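Only this structure's heavy atoms are used, side chains among them; waters, hydrogens and symmetry mates stay out. Atoms within each ligand, like the ligands themselves, are counted from 1 in listed order. This is a predicted model, so every value here is computed, not measured.
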Amino acid sequence: MKVGVLALQGDVREHISSLIACGVTPMSIRRPVELEQVDALVLPGGESTTIAQLSEVFGIFEQIKDRIADGMPIYGSCAGMILLANEILDAKQGQKSFGGLDITVRRNAFGRQVDSFESDIAFDDGAANLVRAVFIRAPWVERVGAGVRVLASVDEHPVAVRSQTIFATSFHPELTGDHRIHRYFIEEVARPALEKVK
Ligand code: GLN
């Protein structure tokens, strides 16, 4: 399985390391011809407005949107979650997202005081182990549409959600060395979807 990491801004290298640890071949994606070569895509953490703007500059914005709509498996962490949301609160003026995931997110939701924090949270993948979650100026989910499953929450606020082939976390599993979240994306989201297509 070829998995791309959108490599315009953000913690690309960390996602690439996590994907290698999960046994897939990651590829850095900047241009449309590169995106054509991958089966699935990861949107890194970083700054969502910058990533959206650079996607337009690199001429890849619409293609990402179309591939999401076509069912390409995609995982977004933090800024990546914002980029997948259909609706953004506290957005910068004119901020665009790829969309596809029927949620409303609030940017920088945890507030200034708790700008960044770590927590062990329950992740509903069938295993009972807690996941170490790193939050850095993270969004939370304020509304989930029909068909969106909440997989983890902090104080009642959803922080991991999934709808079919779209998966998003407001935290950064790529920064912890615990590869369960990436493995969940590869084995539970991407692989079943790609096998169905074949
Ligand atoms: N606050 C950032 C944004 O709005 C996201 C932060 C992150 O990815 N760690 O894009």
Original post:
Quick check: does any side chain N or O of Ser97 sit under 3.5 Å from a backbone N or O of Ala85, one acting as donor and the other as acceptor?
Top reply: yes
Original post:
Is there side-chain contact between Phe58 and Arg31, with heavy atoms separated by less than 4.5 Å?
Top reply: yes
**OP:** Heavy-atom cut-off of under 4.0 Å around ligand 1: list whichever protein residues fall inside it, by chain and number.
**Re:** Gly45, Gly46, Glu47, Ser48, Cys78, Ala79, Ile82, Arg107, Asn108, Ile136, Arg137, His172
Original post:
Mind checking whether His157 and Trp140 have parallel, tilted or perpendicular rings, split at 30° and 60°?
Top reply: parallel
Original post:
Just by distance, do the side chain of Glu34 and the backbone of Arg30 share a donor-acceptor pair under 3.5 Å?
Top reply: yes
Original post:
Is it the case that more than 12 heavy atoms not belonging to Asn129 sit under 6.0 Å from its CG atom?
Top reply: yes
**OP:** Classify the angle between the aromatic ring planes of Phe117 and Phe110 as parallel (below 30°), tilted (30 to 60°) or perpendicular (above 60°).
**Re:** perpendicular
